[in-house]
Amino acid sequence: MVSARGDESLSLAALITAEQVPELRHAVTAAAAAGLPDEELKDFVLAVHELTTNAVRHGGGSGQLALRRLGDQLTCQVSDHGPGMTGQVPALPDPTRPGRRGLRLAQHLTAGLVLDNTPTGLSATVTAALPKGKAR
């Protein structure tokens with residue numbers, strides 16, 4: 001379920017399931033479009049998409065998404081119920097091996113990626129800087 005909120009601190013909250021991934025991509029695009037220019041928007045949405053698909057594939061099949069505007073920052077936190085990770089973003093795999101690049105891509109496309117192991121799984125947060133005049 002996707003719900004948009006009008007308050008400044010939380011723009012979008014949603015449950016992540018395999019069935020919700022396409023709808024979430026559209027919802028994140030709509031919510032972030034008011035603050036990010038076109039290229040940054042595309043990068044941010046792709047990064048969030050990678051995190052949501054990781055939650056489904058590697059994090060127990062479901063999770064939670066929270067998109068927030070805080071001052072001059074746009075953040076999206078994706079939390080799942082998987083086993084977590086050791087260390088930070090994994091090294092790139094052999095170029096002939098498919099997959100295993102989502103976290104690295106999310107890190108590269110945004111102003112930052114933070115991974116936190118929690119008692120219930122993994123929390124991955126990406127951040128984008130809002131242009132001057134777009135922050136609320």
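Please read all numbers here as calculations on a predicted model, not as lab measurements. Residues take their numbers from the sequence shown, with the count starting at 1.
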Inset, instruction - Determine the minimum heavy-atom distance between Ala47 and Thr110, stating which atoms define it. - result: CB-CG2, 3.5 Å
Inset, instruction - Look up atom CG in Leu109 and atom CZ in Arg104, then write down how far apart they are to the nearest 0.5 Å. - result: 12.0 Å
Legend entry - For Gln107, all residues meeting side chain to side chain donor-acceptor pair (under 3.5 Å), sequence neighbours excluded: none
Inset, instruction - Would you name the heavy atoms of Gly84 and Leu122 that are closest together and state the gap between them? - result: CA-CB, 4.2 Å
Inset, instruction - Evaluate the side-chain proximity of His58 to Asp80: yes if any heavy-atom separation is below 4.5 Å, no if none is. - result: no
Legend entry - CG-CD distance between Leu113 and Glu50, expressed to the nearest 0.5 angstrom: 11.5 Å
Inset, instruction - Group every Ile, Leu, Val, Met, Phe, Trp and Tyr by side-chain heavy-atom contacts under 4.5 Å, then state whether Leu103 and Val21 land in the same group. - result: yes
Inset, instruction - Please name the pair of heavy atoms, one in Phe44 and one in Leu36, separated by the smallest distance, quoted to 0.1 Å. - result: CB-CD1, 3.8 Å
Legend entry - Separation between OG1 of Thr120 and CD of Gln64, rounded to the nearest 0.5 Å: 10.0 Å
Inset, instruction - Give the cluster check for Leu12 versus Ile16: same hydrophobic cluster or not, with ILVMFWY residues linked at side-chain heavy-atom distances below 4.5 Å. - result: yes
Legend entry - Arg69 to Ala31 - nearest heavy-atom pair and separation: NH2-O, 2.5 Å
Inset, instruction - Supply the atom-to-atom distance Gln20 CD to Leu24 CG, rounded to the nearest 0.5 angstrom. - result: 5.5 Å
Legend entry - Side chains of Leu74 and Val126 in contact at under 4.5 Å (non-hydrogen atoms): no
Legend entry - Student check: side-chain heavy atoms of Leu67 and Thr75 closer than 4.5 Å: no
Inset, instruction - Decide yes or no for Leu130 and Gln73: does some side-chain heavy atom of the first lie under 4.5 Å from some side-chain heavy atom of the second? - result: no
Legend entry - Distance-minimising heavy-atom pair for Ala106 and Leu51: CB-CD2, 4.1 Å
Legend entry - Connected via hydrophobic side-chain network under 4.5 Å: Val78 and Met85: yes
Inset, instruction - Find out whether Thr17 and Val56 are in side-chain contact, i.e. whether some heavy atom of one side chain is under 4.5 Å from a heavy atom of the other. - result: no
Inset, instruction - Kindly indicate whether the side chain of Arg25, heavy atoms from C-beta on, has any atom under 4.5 Å from the side chain of Val45. - result: yes
Inset, instruction - With the side chain counted from C-beta on, respond yes when Val48 and Leu65 share a heavy-atom pair under 4.5 Å apart, and no when they do not. - result: yes
Inset, instruction - Side-chain contact test, heavy atoms from C-beta onward, threshold under 4.5 Å: evaluate it for Arg68 versus Ser11 and give yes or no. - result: no
Legend entry - Distance-minimising heavy-atom pair for Ala33 and Leu41: N-CD1, 3.8 Å
Legend entry - Partners passing side chain to side chain contact (heavy atoms under 4.5 Å, CB included) against Ser123 (at least two apart in sequence or in another chain): Gln77, Ser79, Asp116, Thr118, Thr125
Inset, instruction - Quick one: pull up NE2 in His26 and NE2 in His49 and give me the separation to the nearest 0.5 Å. - result: 10.0 Å
